[in-house]
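Working notes, beginning with the structure itself.
Here, residue 1 is the first one in the sequence, and each next residue gets the next number.
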Amino acid sequence: SPTPLGYSDVNTIFSVPISQGRRVLCELQFHMKDMILAKDETHVYYENIRVLLPRMCAGHDGVNKDELQGFIKKRLDTSVLDAAVEKMEANAKGLFIYARMLADHMKEQANKTGTFSFEDVLALPTGLTEVYLENFLRVFPEGKQDRLWKRCKELIALIAAAKAPLPVEFAQVVLGWSDTERVELTSKLSLVFPERDGRLHVLHKTVMDWLKKPERRHEDFYVSFSETQEASKKLAHHALLLVEQDTAHESKYLQYPLQFALAHVRDVASDSGLLERAALALLRFPYLLRRAAVSSPKLLEDATAISAEYRARKPKSDEYGHAVSLLRSALSLSMQGLLTNYKQLAGQLIARLMMYEQGEHKVRLITEFLREVRQWSGPEEGGGWWCPMTATYTPAGGALQATLTGHSGNVNCVKYRPQSEKSERSMFVTASDDKTLKVSFVRFFHVYVYVRVHDGFVFLCVRMFTRS
């Protein structure tokens, strides 16, 4: 790396044997032929700088000559590469993602011109905001007036509202695009929203923060809150439609509608039509079974959230709200078994809801739901399933929320921390003769972690607190 004050040699030290078993060390310098020629040509300039620099630094009032000379010499003794790295480090403002995006930016620039000079480094954008703006301008040169931006903005709003990288084929269904349109537009967006594994990814979450930042509402490339809400409605509608058609699990959608249909309804719960469809989806056993196979706790979380929205927005007499509340209670009571094997779902639901099929407690929607559950042919691998004939389990809808199991000895102490603003999960800590402390989070009603202590019985209960 040549600098105005010289260049770096490649030095190698050899140990050379001489007489009487002695050895001497020899230094050998390696030079490229072109570097030797350059050295001969530039040596005179190096000498001029060394002679003139002390004179230039002398005679400045209030300035330490040695310090000034040392500063200039340090700058001159730094290669262009070092200066470029220092400039890029300053531009990055400590953000690691900037380095990745800058590498893509530099690669594209070098591909266009064949070179990347120090002047190009000086022209690099500063911080992520400028990087994002420059990248979007490369895709949409005319800003928010760009025709491509207007064509793609609806897709970008979907990406902004999505709960995970959005499957391309599901986005195509939501937007009603043809295969040709999908291929064309997703390829043009690849710089800012690359497609990998059939999903549209965001380079970094701060991209979406930048796009949705309210302070930017009058600038180019802004996605408003109302636009993301409208996108959430479309995602909720089409995901529920696939659930209703029993196609949400198809591989081309990468399970996105199956996993996030109800989560999108929660974002737009003021839409009573979507809320009612979400309740009906929860009362469809094929959907519940496939959702439980992906994550039973997440199914319970969705059911709990939809039930809470009904309580907040509908009268207590609403039959959908009542049925969903009973289903949520049944799922909660069944969670220990479902975490062991989600295929227990049918038997658990029948055992805990069958009292609502007849008599004064009869609930029409639950009766219809259990009729569908009983039609299940059982696991694909065979073996049958347990279908209870009498109500021997704790029924849904009562005071009991869950039974925490797991200790093999007497429980000596229990401490409870209720749900709060700082922690959305209630928590139990239990101490037992089985030599363990067990921490159980009540939100999902299952054991989160075991801690084995000492070699004897455990009598200690810890005091739980929330930091302020």
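A donor-acceptor pair is defined here as one N or O able to donate and one able to accept, closer than 3.5 Å; no such pair exists between the side chain of R196 and the backbone of L200. S432 places a side-chain N or O within 3.5 Å of a backbone atom of N410 that can act as its donor or acceptor partner. Counting only distance, with no hydrogens or angles, the side chain of Y310 and the backbone of A279 share no donor-acceptor pair below 3.5 Å. Between the side chain of S325 and the backbone N or O of H322 there is no donor-acceptor pair closer than 3.5 Å. Judged purely by atom type and a 3.5 angstrom limit, S295 has no side-chain atom pairing as donor or acceptor with the backbone of R291. Side-chain atoms of S187 come within 3.5 Å of backbone atoms of V183 as a donor-acceptor pair (strictly under, hydrogens ignored). The backbone N or O of G397 lies less than 3.5 Å from a partner atom in the side chain of S329, making a donor-acceptor pair. Put simply, the side chain of R217 gets close to the backbone of P214: a donor and an acceptor are under 3.5 Å apart.
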For this session: Go through the steps for V429 and Y416 under the test side chain to side chain contact (heavy atoms under 4.5 Å, CB included), then give the verdict.
Result: CA-CA 7 Å; V429 176; Y416 173 62; over 6 Å; no
For this session: Test side-chain hydrogen bond (donor to acceptor under 3.5 Å, both in side chains) on S224 and S226 and set out the steps.
Result: CA-CA 5 Å; S224 68; S226 61; 3.0 Å; yes
Exercise. Run the salt bridge (Lys or Arg N to Asp or Glu O under 4.0 Å) check on K213 and E219 step by step: do they pass?
Worked result: CA-CA 10 Å; K213 195 173 184 179; E219 300 177 18; over 6 Å; no
Problem set entry | Stepwise side chain to side chain contact (heavy atoms under 4.5 Å, CB included) test for L262 and L240 | CA-CA 8 Å; L262 301 187; L240 285 172; 4.2 Å; yes
Problem set entry | CA sep, side-chain torsions, deciding dist, call: Q172, E181, side chain to side chain contact (heavy atoms under 4.5 Å, CB included) | CA-CA 9 Å; Q172 179 181 352; E181 286 178 304; over 6 Å; no
For this session: Take R364 and E319 through the salt bridge (Lys or Arg N to Asp or Glu O under 4.0 Å) test and state the conclusion after the steps.
Result: CA-CA 8 Å; R364 179 183 65 84; E319 64 172 343; 2.8 Å; yes
Exercise. Going through the checks in order, is the side chain to side chain contact (heavy atoms under 4.5 Å, CB included) test met by L288 and V373?
Worked result: CA-CA 10 Å; L288 289 186; V373 176; over 6 Å; no
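Looking at every heavy atom in both residues, S272 comes nearest to K314 through CB-NZ, 3.6 Å. Across all their heavy atoms, A292 and L345 have their closest contact at CB-CD2, 4.3 Å. Scanning both residues, V243 and A281, for their nearest heavy atoms gives CG1-CB, 4.0 Å. Residues A160 and T228 approach most closely at CB-CG2, 3.9 Å, considering heavy atoms. L327 approaches L283 most closely through the heavy-atom pair CD2-CD2, 4.3 Å. Considering all non-hydrogen atoms of both residues, I350 and C387 come closest at CD1-SG, 3.8 Å.
Under the 30°/60° scheme for interplanar angles, the aromatic rings of Y356 and H361 are found to stand perpendicular. Note: Y253 and F170 have perpendicular aromatic rings, judged against thresholds of 30 and 60 degrees for the angle between ring planes. Ring geometry, F136 versus F140: the interplanar angle falls from 30° to 60°, so the pair is classed tilted. Ring orientation note: the planes of F221 and W210 are tilted relative to one another, at an angle of 30° to 60°.
Residue K362 qualifies as open at atom NZ: its count of foreign heavy atoms under 6.0 Å is 12 or below. For CD of E380, the number of neighbouring non-hydrogen atoms (other residues, nucleotides, ligands) closer than 6.0 Å is 12 at most.
Here I306 contributes atom CD1 and R277 contributes atom CZ; the two are 12.0 Å apart, rounded to the nearest 0.5 Å. Here L326 contributes atom CG and L331 contributes atom CG; the two are 11.0 Å apart, rounded to the nearest 0.5 Å. To the nearest 0.5 angstrom, R138 atom CZ is 11.5 Å from L133 atom CG. Atom OG1 of T430 sits about 5.0 Å away from atom NZ of K438, to the nearest 0.5 Å. Atom OH of Y222 sits about 10.0 Å away from atom NZ of K212, to the nearest 0.5 Å. How far CG of L274 is from CZ of R266: 14.5 Å, rounded to the nearest 0.5 Å.
Of the candidates L241, L242, T247, D246, E244 forms a side chain to side chain contact (heavy atoms under 4.5 Å, CB included) with just one, namely L241.
In this structure the side chain of L148 reaches within 4.5 angstrom of the side chain of L185, judged on heavy atoms. For the pair Y342/V294, no side-chain contact is recorded, criterion being any heavy-atom separation below 4.5 Å from C-beta on. Contact of the F369 side chain with the L349 side chain is registered, since non-hydrogen atoms from C-beta on lie closer than 4.5 Å. Annotation: side chain of P388 is in contact with side chain of W386 (closest heavy-atom distance under 4.5 Å). Here the side chains of K150 and K144 are not in contact, with every heavy-atom distance at 4.5 Å or above. Counting heavy atoms from C-beta on, the side chains of L211 and Y132 never come closer than 4.5 Å. The shortest distance between side-chain heavy atoms of R199 and V168 does not fall below 4.5 Å. The side-chain heavy atoms of L275 and V268, taken from C-beta on, include no pair separated by under 4.5 Å.
A donor-acceptor contact under 3.5 angstrom links the side chains of S334 and R352, judged on distance only. The closest side-chain donor-acceptor pair between R371 and T367, if any, does not fall under 3.5 angstrom.
Contact check on R328 versus E301 returns no salt bridge, with no Lys/Arg side-chain nitrogen under 4.0 Å from an Asp/Glu carboxylate oxygen. With respect to the salt-bridge test (charged N to carboxylate O, under 4.0 angstrom), the residues K233 and D267 do not qualify. In summary, E357 and R374 engage in a salt bridge, as defined by a charged side-chain N under 4.0 Å from a carboxylate O. Taking 4.0 Å as the cut-off between side-chain N and carboxylate O, K234 and E230 do not count as a salt-bridged pair. With respect to E227 and K153, a salt bridge is recorded, a charged nitrogen being found less than 4.0 Å from a carboxylate O. E195 has no carboxylate O lying under 4.0 Å from a charged side-chain N of R182, or vice versa, which leaves the two without a salt bridge.
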